[in-house]
Amino acid sequence: MNPSFLLADEQATEALASRAARQVVQGAAPLVLHLEGDLGAGKTTFARGMLRALGESGPVRSPTYGLLSEYHTPRGRVVHMDLYRMRSPAELAALGLDDLLPGSLLWLVEWPEKGAGGVMPAADALLRLVVVDGGRRLHAEALTEAGRHYLHAVYADTG
């Protein structure tokens, strides 16, 4: 199942992200979502919506300069990465990502293509945001069995 969602505005993006956050379950490994899209497509808005739904009450900004932000939500640890300014996949090794994997609930990775060849865990699902007619369209693609189960639950929650 590879669902697609039309999102009229920022509020619709955050509402879908909130529903998507409800479907995240603690597993042996974190759920890893790659967020793709041009600048301004809504990747950070989607990440913020998920974090808010998971209970994060502080500021949620794209970690463009630091590459990584870690949030300790009531549901569990969330790692939010933005690789836009990353110069080399080797920079990922310096972040100590292996230390963040155990016990994490969710990883949200913006600009994942910039980390190709690095030490990032494989994505469970790819979420592509595209600007269309003043709004956005989110195309979701499952990449693992966990991703298939997750996207099925998200789609069922929106119907």
Side-chain angles (χ1 to χ4, degrees), residues 5 7 9-131 136 138-144 146-147 150-151 153-154 157:
F5 305 92
L7 306 167
D9 52 26
E10 187 172 317
Q11 291 77 23
T13 302
E14 288 185 357
L16 176 61
S18 179
R19 290 191 301 273
R22 283 197 300 258
Q23 303 309 321
V24 177
V25 295
Q26 185 70 52
L31 179 69
V32 179
L33 301 179
H34 283 183
L35 304 172
E36 289 186 352
D38 291 335
L39 285 171
K43 297 178 298 295
T44 301
T45 300
F46 191 87
R48 182 175 29 259
M50 286 195 81
L51 281 157
R52 290 279 180 255
L54 292 169
E56 177 57 43
S57 58
V60 176
R61 295 181 190 92
S62 183
T64 304
Y65 293 99
L67 298 180
L68 180 145
S69 292
E70 186 178 349
Y71 299 91
H72 295 276
T73 73
R75 297 256 323 269
R77 179 175 48 206
V78 177
V79 174
H80 180 197
M81 298 177 68
D82 183 336
L83 305 181
Y84 181 73
R85 296 199 182 277
M86 196 173 74
R87 295 178 301 272
S88 159
E91 288 181 65
L92 288 173
L95 295 175
L97 300 181
D98 287 343
D99 295 335
L100 296 174
L101 276 173
S104 289
L105 173 70
L106 174 66
W107 282 37
L108 300 165
V109 183
E110 298 184 41
W111 300 96
E113 64 276 12
K114 301 259 186 168
V119 294
M120 283 195 337
D124 292 301
L126 173 61
L127 308 179
R128 285 187 191 96
L129 288 142
V130 180
V131 176
R136 309 287 185 269
L138 185 144
H139 300 279
E141 179 183 351
L143 302 173
T144 66
Y150 173 71
L151 290 181
V154 171
D157 190 32

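Along the sequence shown, the residues carry numbers beginning at 1. This is a predicted model, so every value here is computed, not measured.
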Would you tabulate the side-chain donor-acceptor contacts of residues 123-131 under 3.5 Å, counting partners in other chains and residues two or more places apart, or write 'none'?
{"from": "Asp124", "atom 1": "OD1", "to": "Thr144", "atom 2": "OG1", "distance (Å)": "2.7"}
{"from": "Asp124", "atom 1": "OD2", "to": "Val32", "atom 2": "N", "distance (Å)": "2.9"}
{"from": "Arg128", "atom 1": "NE", "to": "Glu36", "atom 2": "OE1", "distance (Å)": "3.4"}
{"from": "Arg128", "atom 1": "NH1", "to": "Glu141", "atom 2": "OE1", "distance (Å)": "3.3"}

Indicate yes or no: at least one non-hydrogen side-chain atom of [X] is less than 4.5 angstrom from one of [Y].
X      : Y      : answer
Leu105 : Leu54  : yes
Met86  : Trp111 : no
Met81  : Trp107 : yes

If only atom types and distance count, is the side chain of [X] paired as donor or acceptor with the main-chain N or O of [Y] below 3.5 Å?
X      : Y     : answer
Tyr150 : Ala20 : yes
Lys43  : Asp38 : yes
Arg136 : Ala41 : yes

Measuring from atom [atom1] of [X] to atom [atom2] of [Y], what distance do you get when rounded to the nearest 0.5 angstrom?
X      : Y      : atom1 : atom2 : answer
Leu138 : Thr13  : CG    : OG1   : 8.0 Å
Leu67  : Lys114 : CG    : NZ    : 11.0 Å
Glu110 : Tyr84  : CD    : OH    : 12.0 Å
Leu51  : Glu56  : CG    : CD    : 6.5 Å
Arg61  : Thr44  : CZ    : OG1   : 11.5 Å
Asp82  : Leu108 : CG    : CG    : 11.5 Å

According to side chain to side chain donor-acceptor pair (under 3.5 Å), who are the partners of Arg22, at least two apart in sequence or on a separate chain?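 Listed in chain order: Asp157.
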
Can you name the residues that form a side chain to side chain donor-acceptor pair (under 3.5 Å) with His34, not counting sequence neighbours?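 With neighbours one apart ignored, the set is empty.
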
By salt bridge (Lys or Arg N to Asp or Glu O under 4.0 Å) - contacts of [X] (at least two apart):
X     : answer
Glu14 : Arg48
Arg75 : none
Glu10 : none

For the student: nearest non-hydrogen atoms of [X] and [Y], plus distance:
X      : Y     : answer
Ser104 : Val79 : OG-CG2, 4.0 Å
Arg52  : Ser57 : NH1-C, 3.6 Å
Ala21  : Ala53 : CB-CB, 3.6 Å

Just to verify, what does Ala17 make a side chain to side chain contact (heavy atoms under 4.5 Å, CB included) with, not counting sequence neighbours?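 For Ala17 the side chain to side chain contact (heavy atoms under 4.5 Å, CB included) partners, ignoring immediate neighbours, are Phe46, Met50.
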
